[in-house]
K.L.:
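Here you go, one structure.
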Amino acid sequence: MRFSRMHLPTLKEVPAEAEVASHRLMLRAGMIRRLAAGIYSYLPFGLLALRNVEEIVRQEMNRAGAQEVLLPAVQPAELWQESERWDFYGKELLRFKDRHQRDFCFGPTHEEVITDLIRHEVRSYRQLPLNLYQIQTKFRDEIRPRFGLMRGREFIMKDGYSFDVDDAAATISYQSMRAAYGRIFSRCGLDFRAVEADSGAIGGNFSHEFVVLADSGEDAIASCEKCDYAANIEKAQSKFVETAVPEVKSDSAAAETVATPDCQSVDEVAAFFKVSPAKIAKSMIFESDLGFCMVVVPGDREVNEFKVKAELKANWLEIPAPGRVADELGLPVGYLGPLGVDIPVLVDREVPQMGVMVCGANRAGYHLKGVCWERDFSSKEIADLVVVNAGELCPRCGAALQIDRGIEVGHIFKLGTKYSEKLNATFLDQDGKEKELVMGCYGIGVGRTVAAAIEQNHDENGIKFPYAIAPFKAALLNLDMKSEEVTAFCEKLYQEFLERGIAVLYDDRNERPGVKFKDADLLGMPVRLTLGRKGFKRGIIEVKLRDSSTSQEFPLDDLEPLWSLFSELQADDTRI
RNA sequence: CGGGAUGUGGCUCAGCCUGGUAGAGCACUGCGUUCGGGACGCAGGGGUCGGAGGUUCAAAUCCUCUCAUCCCGACCA
């Protein structure tokens, strides 16, 4: 492609909205433009990168035996009512009516549609296993879209669905997808981890997330330094270490009520009693579809809402407004405690080890001191309810856990029969018995993968595209457009790139050299070729890798080394 | 949905507090000079100051409402 003819509007200045590197660079490199909150147009340069990721996804999905389909983006409400997600999915589901006032939604995911398709098509175990995928625009009406393509409302996603005869077969499908995902992200040149994850609203009982490591990532993952345990922080557990609890003599003073004006936070209470926050029992009210409950954890720990939700077996969980807690429960937020409340109390497994502790008195302005587990807590049920910290011990091998940040680019789930049950998708097995299809579903955020790649591969000058997803593999800079011989050579070289099928961006613009260098760095082509009058006289062309600070010179009369370089880069990229 | 902030040429922002002629840089057009790391000069084009209402002789500026966007917490590829 000739730069002079390409719509590639690079920006010197950064639009104010861009917070993270990938968003900033994608705007500056003329890859995307914002139309509305979380909704972007893909410009030619951005679309090329996107298509490269899609192509890798297609190759690896096909290789794993999946077949590509394309399902409708607009879906009838009936299907979602049948799966009972019409009410359940919430406001993320973009709903609208057609001219006949029939309810529809714009698909945020396609379990319903694919299951509906399959239930009409698949009758026999002989037709299984089946694995279908599509690459399509989805819409999720996120409350807070941000970071450009990282969290858009409209986004391109590869979603795949597998159908098997039983759980064992479904596991095989799942493992095969897990392997394919590893190949996909490796080929995209990403440093990633496959971690155990919460399966969220999609449902199901077993899932892995593929997380690209990046400090700007929105997800945190815990991984073991020694073994291969890795989990999303939402799900991560640690080995419980029992410590000696200071014994409380039976004749020791009972819990005592103390006036603690203006001490609502754990820190304030700890300061008031001159004890460490670890000695404060932090009590919080949660509300779920099962009603209110209280969760008690040590004051220096953070409640893991996902664990609470799982422990309760609730469908949803949130922290109610303090006003509601006061109105409906008569409890003063800031002075909550587990003693004498008449709603279920969930206690973290570390609380019994706190010894003598302080907690709220359920009376505004008062706390209790001298509280102890054995004597004072009415329910003795405990569970793991806190967010793991770095340095805690691996639940598998006992080595230390580390916490990293990352970007979730893929997620695979074993769904089981959740949707086939609801939608009555069955087949006849070998014995002529009717059975429900066992499903799996597999997603990849295509745009997010591009964003993650940039997040992980950039410097202060711009993008450093991994070769496989680079929109152009090379930038050819003609620094002397007015020199006929230089231009003639560049033209010849450009043609040879075209013949060899290596995507090149030929900068033939009437611009000063500085502009061309800056744009080449910003756009991040892996290889930069520079030819100017001086070099031409010396019979050399300058070759520089974007990822390297040094350059080398190749003779103009023998460019074989150049083509070998591209062969090597190409090979690296398909090797897995 | 809560909490905070911002809306002024395509982009980044100043002007607002203290009402009185809409500004700068970048980008764009033309001409000239320049030409290996985002050049310079001259001349231009482009803005209902987010929208509506109000106060006032007079509103980008003050008031009310509204819309949009961004940032901090719950959703997810």
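In the text below, chain A, chain B and the rest are named by the order of the sequence lines, each starting its count at 1. Worth saying up front: this structure is predicted, and the values here are computed from it rather than measured.
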K.L.:
In whole Å, what is the span from the CG atom of N510(A) to the P atom of G36(B)?
P.N.:
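It works out to 14 Å between those atoms.
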K.L.:
Can we say D87(A) and R85(A) salt-bridge, meaning some charged N sits less than 4.0 Å from an Asp/Glu carboxylate O?
P.N.:
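No.
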K.L.:
Is there any protein nitrogen or oxygen under 3.5 Å from a nitrogen or oxygen in nucleotides 10-13 of chain B, and what are the pairs?
P.N.:
{"unit_1": "C11(B)", "atom_1": "O2", "unit_2": "E13(A)", "atom_2": "OE1", "d": "3.4"}
{"unit_1": "U12(B)", "atom_1": "OP1", "unit_2": "A16(A)", "atom_2": "N", "d": "2.7"}

K.L.:
Under 4.0 angstrom, heavy atoms only, what part of the nucleic acid is E318(A) near: base, sugar-phosphate, or nothing?
P.N.:
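Nothing, no heavy atom under 4.0 Å.
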K.L.:
Suppose you measure atom P in A60(B) against the same atom in C72(B); what distance do you get, rounded to whole Å?
P.N.:
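Taking atom P in both A60(B) and C72(B), they lie 34 Å apart.
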K.L.:
Nearest to the side chain of F517(A) - G38(B), C71(B), G37(B)?
P.N.:
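Closest of the options to the side chain of F517(A): G37(B).
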K.L.:
Counting the atoms with a prime plus P, OP1 and OP2 as sugar-phosphate, which does G532(A) contact under 4.0 Å by heavy atoms, base, sugar-phosphate, or nothing?
P.N.:
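Base contact - G532(A) has a heavy atom under 4.0 Å of at least one base atom.
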K.L.:
Could a donor-acceptor pair under 3.5 angstrom be found where the side chain of E542(A) meets the base of G36(B)?
P.N.:
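Checked by distance alone, the answer is yes.
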K.L.:
May I ask you to check if R95(A) and W80(A) form a cation-pi contact, with NZ or CZ under 6.0 angstrom from the six-membered ring centre and within 45° of the axis?
P.N.:
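No, cation not above the ring by the 6.0 Å, 45° rule.
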K.L.:
Heavy atoms from C-beta onward define the side chain here; which of C76(B), C70(B), G37(B) lies closest to that of R528(A)?
P.N.:
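It is G37(B).
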K.L.:
If the threshold is 4.0 Å, N to carboxylate O, is there a salt bridge linking K422(A) and E112(A)?
P.N.:
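Here K422(A) does not pair with E112(A) in a salt bridge, since their nearest N and O are not under 4.0 Å apart.
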K.L.:
How is R34(A) classified with respect to the nucleic acid when contacts are heavy atoms under 4.0 Å: base, sugar-phosphate, or nothing?
P.N.:
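Sugar-phosphate only.
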K.L.:
In whole Å, I'd like the distance from the NZ atom of K235(A) to the C1' atom of C76(B).
P.N.:
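Atom-to-atom, K235(A) to C76(B), this comes out as 17 Å.
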K.L.:
Considering only the P atoms, how many Å lie between G38(B) and C49(B), rounded to the nearest integer?
P.N.:
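Each nucleotide's P atom is 39 Å from the other's.
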K.L.:
Taking the side chain of R146(A) as heavy atoms from C-beta outward, which of U69(B), G38(B), C75(B) is closest to it?
P.N.:
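The answer is C75(B), which lies nearest to the side chain.
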K.L.:
Using distance alone, with no hydrogens and no angle criterion, decide if H458(A) and E455(A) have a side-chain donor and acceptor under 3.5 Å apart.
P.N.:
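No, no side-chain donor-acceptor contact under 3.5 Å.
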K.L.:
Determine which nucleotide pairs with C76(B), using a 3.5 Å limit on both distances of a Watson-Crick or G-U wobble pair.
P.N.:
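Here C76(B) is not engaged in any pair, so there is no nucleotide opposite it.
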K.L.:
Considering only NZ, NE, NH1 and NH2 on the basic side and carboxylate oxygens on the acidic side, decide whether K309(A) and E305(A) come within less than 4.0 Å.
P.N.:
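A salt bridge is absent here (no side-chain N lies under 4.0 Å from a carboxylate O).
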K.L.:
Which nucleotide, in any strand shown, forms a Watson-Crick or G-U wobble pair with C16(B), with both distances under 3.5 Å?
P.N.:
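By the stated definition (distances under 3.5 Å), nothing pairs with C16(B).
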K.L.:
Tell me which nucleotide, if any, is Watson-Crick or G-U wobble paired with G25(B) when both distances must be under 3.5 Å.
P.N.:
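The base-pairing partner of G25(B), which may sit in any strand shown, is C11(B).
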K.L.:
Rounding to a whole Å, what distance do you find between E234(A):CD and A74(B):P?
P.N.:
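So the two atoms are 9 Å apart, to the nearest Å.
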K.L.:
Find which nucleotide of RNA chain B each of G152(A) and A36(A) is nearest to by heavy atoms, and output the residue with the more 5' nucleotide.
P.N.:
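The answer here is A36(A).
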K.L.:
By nearest atom, which of the nucleotides G73(B), A39(B), A77(B) is closest to the V515(A) side chain?
P.N.:
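Comparing G73(B), A39(B), A77(B) against the side chain of V515(A), the answer is A39(B).
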K.L.:
Mind checking ring-ring contact (aromatic ring centres under 6.0 Å, His included) for Y494(A) and listing every partner two or more places apart, or none if nothing turns up?
P.N.:
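Listed in chain order: Y506(A).
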K.L.:
Quick check for you: among G38(B), C35(B), A77(B), whose closest atom lies nearest to any side-chain atom of P513(A)?
P.N.:
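Given the options G38(B), C35(B), A77(B), the side chain of P513(A) is closest to C35(B).
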K.L.:
In whole Å, what separates the C1' atom of G45(B) from that of U29(B)?
P.N.:
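Nearest-Å result for G45(B) against U29(B) at atom C1': 7 Å.
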K.L.:
Which is true for D519(A) with a 4.0 Å heavy-atom rule: it touches a base, it touches only sugar-phosphate, or it touches nothing?
P.N.:
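Since a base atom lies under 4.0 Å of D519(A), the category is base.
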K.L.:
Mapping L479(A) and D219(A) onto RNA chain B by nearest heavy atom, which one lands closer to the 5' end?
P.N.:
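The 5'-side residue here is L479(A).
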K.L.:
Taking atom C1' of U34(B) as reference, at what distance in whole Å does atom CG of D480(A) sit?
P.N.:
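It is 13 Å, rounded to the nearest whole Å.
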K.L.:
Within 45 degrees of the axis of the six-membered ring of Y40(A) and under 6.0 Å from its centre: does R34(A) put its NZ or CZ there?
P.N.:
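No; the conditions do not both hold, so R34(A) does not lie above the ring face of Y40(A).
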K.L.:
Which residue in the set R183(A), R187(A), E54(A) passes side-chain hydrogen bond (donor to acceptor under 3.5 Å, both in side chains) when paired with Q59(A)?
P.N.:
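Of all the options given, the one that passes is R187(A).
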K.L.:
For E408(A) and A77(B), give me the distance from atom CD to atom P, rounded to whole Å.
P.N.:
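E408(A) atom CD is separated from A77(B) atom P by 5 Å.
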K.L.:
Using purine N1 to pyrimidine N3 plus N6-O4 or O6-N4 for Watson-Crick, or N1-O2 and O6-N3 for G-U wobble, both under 3.5 Å, which nucleotide pairs with C65(B)?
P.N.:
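Partner of C65(B): G51(B).
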K.L.:
In residues 442-451 of chain A, which residues come under 4.0 Å of RNA chain B by heavy atom?
P.N.:
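Result for residues 442-451 of chain A: I444(A), G445(A), R448(A), sorted by number.
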K.L.:
Counting only side-chain heavy atoms from C-beta out, which of C71(B), C75(B), A74(B) sits nearest to E305(A)?
P.N.:
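The closest nucleotide is A74(B).
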K.L.:
Applying the Watson-Crick and G-U wobble criteria at under 3.5 Å, what pairs with C70(B)? Answer none if nothing qualifies.
P.N.:
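WC or wobble partner is G4(B).
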K.L.:
Would you tell me if any nitrogen or oxygen in the side chain of R512(A) comes within less than 4.0 Å of OP1 or OP2 on A39(B)?
P.N.:
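Looking at the OP1 and OP2 atoms of A39(B), one of them is under 4.0 Å from a side-chain N or O of R512(A).
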K.L.:
Taking pairing as Watson-Crick or G-U wobble with both contacts under 3.5 Å, can you name the mate of G41(B), or confirm there isn't one?
P.N.:
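Its partner is C31(B) (Watson-Crick or G-U wobble, both distances under 3.5 Å).
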K.L.:
Reckon K12(A) has a side-chain N or O less than 4.0 Å from the OP1 or OP2 of A27(B)?
P.N.:
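Yes, within the criterion.
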K.L.:
Given the side-chain rings of F206(A) and Y174(A), with only the six-membered ring counted for Trp, is the space between their centroids under 6.0 Å?
P.N.:
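Yes.
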K.L.:
What's the CD-C1' distance between E209(A) and C76(B), to the nearest Å?
P.N.:
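Checked: the CD to C1' distance equals 9 Å.
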K.L.:
With a cut-off of 6.0 Å (strictly less than), are more than 12 heavy atoms of other residues, nucleotides or ligands near CD of E328(A)?
P.N.:
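Yes, the 6.0 Å shell around CD holds more than 12 heavy atoms from other groups.
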K.L.:
Starting at atom CG of N232(A), determine the distance to atom P of C75(B), rounded to an integer number of angstrom.
P.N.:
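That distance rounds to 11 Å.
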K.L.:
Quick check on A74(B): is either OP1 or OP2 less than 4.0 Å from any side-chain nitrogen or oxygen of R144(A)?
P.N.:
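Checking A74(B) against R144(A), no side-chain N or O comes under 4.0 Å of OP1 or OP2.
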K.L.:
What is the distance, rounded to the nearest whole Å, between atom CZ of F306(A) and atom P of G73(B)?
P.N.:
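Nearest whole value for this atom pair: 13 Å.
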K.L.:
Return the nearest nucleotide to the side chain of K482(A); candidates are G38(B), U34(B), G36(B).
P.N.:
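Looking only at side-chain atoms, K482(A) lies closest to U34(B).
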